Amino acid sequence: MALSWSPTGDFTAAQDGGEPVTLYRRGSAATVPIGKAVRSRQRVAEHTPSGGRVSAADAAWEFELPDSEAAPGLGDRIIEASGQCWTVLTVEPQRAASRVRCQTRNLTICHRLEDRVSVQSAEWEDTGSGPQIVAWKTTQVGVPARVQHESTVVDRSGSQPTSTATHKIFVLEGGPFDHNHRLVGSDGRVFAIDRYAGAAQIDGVATIDVTEEGGV
């Protein structure tokens with residue numbers, strides 16, 4: 001008697017455990033729901049020489065793609081139900097044409113994005129003497145970030161000395177940012193954007209040079 005067997009769907013049916021995840025395509029709003037994905041044990045190690053401050057969290061994800069879906073691309077992201085985000089670094093097709101294994105990295109852990117910032121966009125209005133910013137509208141809340149102090153410059157030229165602090169802010173999401181945006185820390189500090197540089201590699205994050213407003 002002839003046997004009829006197809007590898008399609010065997011991974012989902014045979015694997016114990018696993019969890020639903022969402023695949024986000026790089027540079028696009030397109031998403032792909034994955035019913036069951038199995039993650040290897042997370043490996044945490046030092047990412048760069050930093051006395052243990054900067055870590056890499058790497059894991060492999062294996063799953064079966066829905067019909068007609070293209071394989072993940074480098075830089076795509078796998079989002080767990082808990083919100084943890086894993087960036088795809090390599091893609092390995094498995095024996096079944098619809099199944100892939102992805103080596104991934106959690107950039108939030110890797111780059112120690114332990115702070116939170118909100119993104120605000122300027123609202124412009126011509127008040128009679130040309131366009132001016134009349135209000136700021138919050139467009140993103142709770143963006144994972146790292147706020148790193150760079151320098152403080154003291155100005156004693158006035159009757160009272162003042163200080164201006166500059167920082168680098170590292171973010172995974174959002175951008176590009178320009179003069180129409182500013183960032184607000186969870187502690188209420190407001191940061192004017194001086195320079196924005198997107199991530200040069202898929203395992204990097206964007207860097208924003210800012211000046212803290214309201215110097216004292």
Side-chain angles (χ1 to χ4, degrees), residues 3-47 54-119 138-146 169-177 183 186 198-206:
L3 293 177
S4 176
W5 175 81
S6 169
T8 302
D10 69 318
F11 178 79
T12 301
Q15 285 286 343
D16 292 327
E19 60 184 285
V21 299
T22 302
L23 177 66
Y24 281 73
R25 300 294 190 180
R26 185 185 187 192
S28 166
T31 63
V32 180
I34 306 295
K36 179 189 283 188
V38 176
R39 187 186 74 181
S40 69
R41 181 171 297 180
Q42 178 176 318
R43 180 181 67 86
V44 178
E46 189 172 56
H47 180 52
V54 179
S55 300
D58 296 334
W61 287 88
E62 190 168 344
F63 52 86
E64 191 166 292
L65 289 161
D67 291 342
S68 304
E69 278 293 342
L74 304 187
D76 287 358
R77 294 175 183 170
I78 296 170
I79 311 294
E80 298 180 57
S82 66
Q84 287 293 323
C85 175
W86 300 83
T87 298
V88 176
L89 304 181
T90 66
V91 181
E92 307 164 18
Q94 302 301 291
R95 284 190 301 172
S98 61
R99 196 164 78 239
V100 294
R101 181 179 175 87
C102 301
Q103 300 293 336
T104 66
R105 177 163 293 165
N106 188 320
L107 301 185
T108 300
I109 295 175
C110 173
H111 294 278
R112 298 300 294 265
L113 305 182
E114 298 169 343
D115 302 316
R116 293 291 182 272
V117 296
S118 295
V119 178
T138 300
T139 55
Q140 290 177 273
V141 177
V143 176
R146 185 170 94 245
I169 298 182
F170 302 88
V171 295
L172 178 62
E173 305 169 8
F177 301 113
L183 304 179
S186 57
Q201 299 180 183
I202 59 174
D203 63 347
V205 293

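For clarity, every value in this text was computed on a predicted model and none was experimentally measured. Just so you know, these numbers use all the heavy atoms, side chains as well, and skip hydrogens, waters and symmetry mates.
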Atom of [X], atom of [Y] and distance for their closest heavy-atom approach:
X	Y	answer
Val100	Ala71	CG1-CB, 4.3 Å
Gly142	Arg116	O-CD, 3.2 Å
Val171	Phe177	CG2-CE1, 4.4 Å
Pro144	Thr108	CB-CG2, 4.4 Å
Val141	Ser118	CA-OG, 3.7 Å

Mark yes or no for whether Thr104, through its side chain, and Ala59, through its backbone, hold a donor-acceptor pair below 3.5 Å. yes
So [Y] and [X], do their side chains get closer than 4.5 Å, heavy atoms only?
X	Y	answer
His111	Leu172	no
Glu92	Cys102	no
Ile34	Val32	yes
Pro72	Leu65	yes

Kindly write out the residues that satisfy salt bridge (Lys or Arg N to Asp or Glu O under 4.0 Å) with Glu80, not counting sequence neighbours, or none if the list is empty. Arg39
Please round to the nearest 0.5 Å and tell me the distance separating atom [atom1] of [X] and atom [atom2] of [Y].
X	Y	atom1	atom2	answer
Arg146	Asp115	CZ	CG	9.0 Å
Ile79	Leu23	CD1	CG	9.0 Å
Gln94	Glu62	CD	CD	4.5 Å
Ile78	Phe63	CD1	CZ	4.5 Å
Ile109	Gln84	CD1	CD	5.5 Å
Gln103	Leu74	CD	CG	12.0 Å

Which residue pairs pass the salt bridge (Lys or Arg N to Asp or Glu O under 4.0 Å) test with at least one member in residues 20-35, sequence neighbours excluded? Arg25-Glu69, Arg25-Asp76
Which residues pass the side-chain hydrogen bond (donor to acceptor under 3.5 Å, both in side chains) test with Thr138, sequence neighbours left out? Gln120
Given Asp203 and Leu107, is the side chain to side chain contact (heavy atoms under 4.5 Å, CB included) satisfied, shown in steps? CA-CA 7 Å; Asp203 63 347; Leu107 301 185; 4.2 Å; yes
Applying side chain to side chain contact (heavy atoms under 4.5 Å, CB included) to Trp61 and Glu19, what does each step give before you reach the verdict? CA-CA 11 Å; Trp61 287 88; Glu19 60 184 285; 3.7 Å; yes
